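Here is the structure we will look at, set down as structure tokens.
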Amino acid sequence: MVNPEEIRFVCKRCGNCCTDKDTLVNITYLDILKLIKSLKLDLKEILDVIGFYVFDQKLTKETLEKMVISPIETERGLTFTGLLKNSSGDCFFYDIKKLKCLIYNIRPMFCRTFPFSFYLPKFVDNKANVDIKISYTEKAKNYCPGIESDSPIIEFDYWSQIGNETLVELEKNLLFNERWNNRVKNRKVVPNVKNYVSEILKTTYKKA
Ligand code: SF4
Ligand code: SF4
């Protein structure tokens, strides 16, 4: 963990986080809902821009507990949700000519929080006076020039606020996906991606 006084970052707009072939942008059900509502997408259109990625190996209980975005049951087995990439490996929403994100104002949580991870001793609902910890993600250490020593020290309060909002969103996502997986287990719903997105559409959307 890095001391808050030593955490540096400014985005240098290199596009590495949008074009790295090995980076998949994980998304929460709230990210999906925001995309649908903001871009006015129907069921088919949203399924054209998000992916349900099947794990290529059986996950242990320990691995599952460590996962930030909880996986969901689908017709193809346990999957995690993420933005699709184009044939070059860039994010579907990255404009390679203009070097910018086409959905910047509604970009997923993963993108809003990059290059940081946030931690609490344990999840708390009260956002005030929370001792949040911030660290660089492993991906950021690999390819983000914005965290180098010539970048300014971050405004800790600003990022702490984002961190708190992120942890609340992750908890909501965990509960939503747990409920989905339990309904699948109890045969209350057919486990396919269309039904999962339909469940998301039944939830309330609030503009940020
Ligand atoms: S990799 Fe870092 S510097 Fe480059 S665009 Fe992403 S956040 Fe900005
Ligand atoms: S959604 Fe936008 S910010 Fe996020 S990876 Fe795609 S292009 Fe980059």
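Quantities reported herein were computed from a predicted structural model and do not represent experimental measurements. Start at 1 and go down the list; that is how both ligands and their atoms are numbered.
- For ligand 1, the atoms closer than 4.0 angstrom to any heavy atom of G146 are 3 (S).
- Shown are the protein N/O/S atoms under 2.8 Å from atom 2 (Fe) of ligand 2, given by residue and atom: C101 SG.
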Give the intermediate values and the outcome of ring pair (Phe, Tyr, Trp, His ring centres under 6.0 Å) for residues Y136 and F9. CA-CA 10 Å; Y136 298 124; F9 174 60; 8.3 Å; no

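- Between the side chain of R8 and the backbone N or O of I147 there is no donor-acceptor pair closer than 3.5 Å.
- Of the possible donor and acceptor atoms, one in the side chain of E45 sits under 3.5 Å from a partner among the backbone N and O of D42.
- Backbone or side-chain N, O or S atoms of C11 reach atom 8 (Fe) of ligand 1 at under 2.8 Å.
- Metal site remark for atom 4 (Fe) of ligand 1: C14 contributes an N, O or S atom at a distance under 2.8 Å.
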Run Y143 and D22 through side-chain hydrogen bond (donor to acceptor under 3.5 Å, both in side chains) and show every step you take. CA-CA 11 Å; Y143 58 62; D22 298 322; over 6 Å; no

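- Between F110 and I27 there is no side-chain heavy-atom pair separated by less than 4.5 Å.
- Sorted by first then second residue, the side chain to side chain donor-acceptor pair (under 3.5 Å) pairs that include residues 88-104, not counting sequence neighbours, are Y104-R107.
- Within a 6.0 Å radius of NZ in K188, no more than 12 heavy atoms belonging to other residues, nucleotides or ligands are found.
- In terms of protein heavy-atom proximity, atom 5 (S) of ligand 1 is closest to G15 N, 3.3 Å.
- Residue contacts with ligand 1: P115 is excluded, as none of its non-hydrogen atoms falls under 4.0 Å.
- For atom 6 (Fe) of ligand 1, the nearest protein heavy atom (residue, atom name, distance) is C17 SG, 2.3 Å.
- Residues I32 and L43 share a hydrophobic cluster, clusters being chains of Ile/Leu/Val/Met/Phe/Trp/Tyr side chains in contact below 4.5 Å.
- Nearest protein heavy-atom neighbour of atom 2 (Fe) of ligand 1: C144 SG, 2.4 Å.
- Defined by atom type and a distance below 3.5 Å, a donor-acceptor pair is missing between the side-chain atoms of Y53 and N26.
- Atoms of ligand 1 found under 4.0 Å from any heavy atom of N16 (numbered from 1 in listed order, with element): 1 (S).
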Candidate pair V54 and L78, rule side-chain contact (heavy atoms from CB on, under 4.5 Å), full reasoning: CA-CA 6 Å; V54 181; L78 210 53; over 6 Å; no

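- In this structure, atom 7 (S) of ligand 1 lies nearest to the protein heavy atom F114 CD2, 3.7 Å.
- Closest to atom 3 (S) of ligand 1 among all protein heavy atoms lies K12 N, 3.2 Å.
- Formation of a donor-acceptor pair under 3.5 Å by the N16 side chain with backbone atoms of P145 is not found in this model.
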